[in-house]
**Q** 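Got a structure for you, questions after.
Computed from a predicted structure; not experimentally measured.
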Amino acid sequence: MNRSNGSSPDWSITRGGHSGPTARAGVTEAAATSDFLQLDPREAPRGGLGDWLARRIREAIADGRLTTGSRLPATRTLAAELGVSRGVVTEAYRRLTEDGHVAGRGRGGTVVVAVPPPPPTRPAAARHGSSPAASAAPTSRPGLFTAPPDLGVFDALRAAPARVDLTPGLPDLAAFPRAAWLRAERAVLAGLTPSDFGYGDPRGTPALRAAVTRWLSLNRGIVADPDDVMIVNGTAQALRLLVDVLRAEGITDVAVEEPGSLGVRQHLRPLGTPPVPVDAHGVRVDALRATGARAVLLTPAHQFPTGVVLGGGRRRELMDWARDGGLVIEDDYDAEHRYDRPAVPALRAQLPEHVCYVGSVSKLLAPALRLGWLLAPPAYRAALVDAKRLIDLGNAALPQLVLAHLMASGDLERHLRLIRRHHRRRRDAMIGAIRTYLPGAVVHGAAAGLHLMITLDARTYAGSDADLAAAALAHGVKVHPLSWHTQLPHRPGLVLGYAAGSPTQIVEGVKVIGGLV
């Protein structure tokens with residue numbers, strides 16, 4: 001009988017049923033490598049299988065291949081894969097448990113519970129003999145703000161540690177309707193047939209396209225047919241699909257609002273993005289005509305980042321521009337979130353033949369769902385469907401069906417009413433904090449949305465908003481400098497999201513910024 005501590009004689013049963021000295025202790029001639037960590041027991045020293053296996057797992061924990069919460073294979077399964085006795089694996093797991101690296105969780109299996117900490121590093125100030133107070137001072141991440149923002153700047157900012165996150169773009173994620181989503185998922189799974197798990201329509205499931213048309217009709221005044229709707233992986237994919245199709249049509253420029261979303265400009269690459277100024281009534285259509293661009297991307301219901309609503313006069317001017325051959329891409333990113341003003345009709349409702357309408361549930365539910373929709377004029381639909389088919393054959397069907405169920409059941413409408421109340425309280429907390437700690441700041445766009453824009457005059461703040469954002473991050477608060485969202489010179493400012501943080505966090509963050517100003 002083989003023993004896990006390697007004390008047994010150095011022999012094993014061979015395929016012919018005879019004993020012999022050629023096989024490694026505890027390893028059959030049929031031993032093979034395992035997919036788990038690519039383990040090969042033939043690498044083990046003679047008489048040391050248990051030690052070897054425990055060491056290899058420790059190494060995987062130390063170098064990050066096995067993270068906290070990772071589950072190890074069952075002892076019987078791993079022993080069979082390696083062609084060793086089960087006792088070898090059991091002994092290795094016992095040693096790892098005694099070391100505190102793993103723990104048994106009953107039916108949950110054996111999981112990694114402790115990862116060795118990285119070796120301590122001394123702060124640069126301490127190495128040079130500075131005082132402990134100086135070495136404990138917050139440090140900034142200048143690379144985020146000293147150079148023009150690149151494609152990875154949002155990822156880098158999200159990864160930066162901070163006590164308070166006031167970056168825009170997120171709803172109240174803690175309010176995600178988990179129970180309603182689970183109920184919908186169970187109901188959907190109960191009704192699926194085997195064929196529903198196959199490849200589907202690249203435009204999206206019929207159920208979600210129908211649900212989206214009803215949602216847009218009730219909430220945005222858009223009359224559409226399910227065949228007008230294509231389901232996409234959020235607004236980002238919709239814009240990339242449009243870039244490819246418009247380039248094929250000979251459109252080389254898409255005008256954008258100034259100031260306007262940096263993220264949108266990034267998604268519109270490699271097209272030109274001439275800036276068109278936005279004033280108190282929205283985008284200036286006279287300036288749009290002057291660019292010569294055949295297409296424009298607008299956020300008319302709640303302009304990002306100023307919060308301005310496209311006024312009636314400007315809408316009429318824009319409709320005239322579109323009828324002269326222009327195409328509007330309408331990014332309706334957060335139109336459902338309004339507090340102190342009535343709903344604003346979508347441009348698509350007034351000019352369906354000249355508007356590509358883009359929406360998503362990123363601000364309604366969560367960006368992680370990657371679910372959105374694109375309604376395009378008939379002239380572009382076939383090309384967009386072809387482009388979508390070539391990219392991914394269509395979105396995953398199950399999340400689409402769950403979302404359709406939430407829409408049809410009324411759960412999404414109820415969720416919207418709930419988070420409107422949450423967002424209103426947080427907006428009020430931010431405005432109150434700005435009045436207290438930033439009395440010289442001008443607040444823009446408070447009536448709707450999930451963020452505020454503030455601008456600072458020279459009497460209030462003489463530096464750049466990028467420097468202010470860097471200093472805020474050094475003190476544990478994340479914000480967007482307004483200059484990220486501009487292509488032309490503009491007074492310094494910040495774009496501050498309030499929906500994802502608690503009122504206490506919001507007040508703390510604004511207080512830090514006020515102290516820096």
Side-chain angles (χ1 to χ4, degrees), residues 169-193 195-197 200-238 301-302 331-339 343 346 348-349 357-375 388 392 394-424 426 448-450 499-500:
L170 291 176
D172 181 1
L173 298 178
F176 183 86
R178 300 180 188 225
W181 186 272
L182 283 171
R183 286 195 305 271
E185 198 166 64
R186 292 190 190 100
V188 166
L189 285 170
L192 292 180
T193 65
S195 63
D196 292 323
F197 291 97
D201 190 327
R203 297 175 299 171
T205 63
L208 182 55
R209 288 188 283 125
V212 167
T213 59
R214 291 192 293 270
W215 177 267
L216 294 178
S217 174
L218 292 172
N219 291 280
R220 303 300 298 125
I222 296 174
V223 178
D225 185 87
D227 287 340
D228 301 336
V229 178
M230 183 166 69
I231 304 303
V232 291
N233 287 305
T235 299
Q237 187 181 58
H302 184 243
D331 181 3
D332 207 27
Y333 69 104
D334 69 353
E336 295 90 353
H337 302 288
R338 52 184 174 79
Y339 317 110
R348 170 80 188 193
Y357 179 89
V358 181
S360 79
V361 295
S362 293
K363 309 299 185 289
L364 278 170
L365 289 169
L369 295 177
R370 308 311 306 140
L371 281 171
W373 40 84
L374 170 60
L375 284 69
K388 174 68 172 170
D392 58 16
N395 285 39
L398 183 57
Q400 292 185 63
L401 295 172
V402 175
L403 178 58
H405 190 284
L406 285 179
M407 288 177 161
S409 67
D411 281 331
L412 187 60
E413 184 67 40
R414 285 187 285 274
H415 176 70
L416 175 57
R417 291 196 295 269
L418 170 69
I419 59 173
R420 271 183 182 158
R421 294 195 295 271
H422 290 196
H423 295 160
R424 180 194 291 269
R426 295 171 186 193
L450 305 177

**Q** For residues Gly221 and Ala349, report the shortest heavy-atom separation together with the two atoms involved.
**A** O-CB, 3.1 Å
**Q** Is there a side-chain contact between Asp201 and Arg209, using heavy atoms and a 4.5 Å cut-off?
**A** yes
**Q** Would you mind writing out the side-chain donor-acceptor pairs for residues 173-183 within the sub-3.5 Å range, not counting sequence neighbours?
**A**
none

**Q** What's the separation between atom CG in Leu374 and atom CE in Met230, rounded to the nearest 0.5 Å?
**A** 4.5 Å
**Q** Hey, mind stepping through Asp332 and Arg348 against salt bridge (Lys or Arg N to Asp or Glu O under 4.0 Å) and telling me if it holds?
**A** CA-CA 10 Å; Asp332 207 27; Arg348 170 80 188 193; over 6 Å; no
**Q** For a 4.5 angstrom cut-off between non-hydrogen side-chain atoms, does Trp373 reach Val361?
**A** yes
**Q** Tell me, do Val229 and Thr213 make a side-chain contact under 4.5 Å, heavy atoms counted?
**A** yes
**Q** Do you know the tightest heavy-atom contact between Lys388 and Ile231?
**A** CE-O, 3.4 Å
**Q** Determine whether a donor-acceptor pair (N or O, by modelled atom type, separation under 3.5 Å) exists between the side chain of Arg426 and the backbone of Ala499.
**A** yes
**Q** With rounding to the nearest 0.5 Å, note down the distance linking CG in Leu365 to NE2 in His415.
**A** 5.0 Å
**Q** Would you say Gln400's side chain and Leu208's backbone share a donor-acceptor pair under 3.5 angstrom?
**A** no
**Q** I need the single residue from Asn395, Leu369, Leu371 that forms a side chain to side chain contact (heavy atoms under 4.5 Å, CB included) with Asn233. Which is it?
**A** Asn395
**Q** Going by side-chain hydrogen bond (donor to acceptor under 3.5 Å, both in side chains), name the residues that satisfy it together with Thr193, two or more places apart in sequence or in a different chain.
**A** Ser195, Asp196
**Q** Which atoms form the tightest heavy-atom contact between Arg420 and Tyr339, and what is the distance?
**A** O-CE2, 3.8 Å
**Q** Any non-hydrogen side-chain atom of Leu375 less than 4.5 Å from a side-chain atom of Leu216?
**A** yes
**Q** Can you see which heavy atom on Pro171 is nearest to which on Gly169, and at what distance?
**A** CD-O, 4.2 Å
**Q** Taking all atoms of both residues into account, what is the closest heavy-atom pair of Gly449 and His302, and its distance?
**A** CA-CE1, 3.5 Å
**Q** Between Leu398 and Leu189, is any pair of side-chain heavy atoms under 4.5 Å apart?
**A** yes
**Q** His337: which residues meet the ring pair (Phe, Tyr, Trp, His ring centres under 6.0 Å) condition with it, sequence neighbours left out?
**A** His423
**Q** Taking the side chain as every heavy atom from C-beta outward, state whether Thr235 and Tyr333 have any pair of such atoms under 4.5 Å apart.
**A** no
**Q** Quick one: does any side-chain atom of Arg370 pair with a main-chain N or O of Pro367 as donor and acceptor, under 3.5 Å?
**A** yes
**Q** In Å, rounded to the nearest 0.5 Å, how long is the span from CZ of Arg424 to NE2 of His422?
**A** 13.0 Å
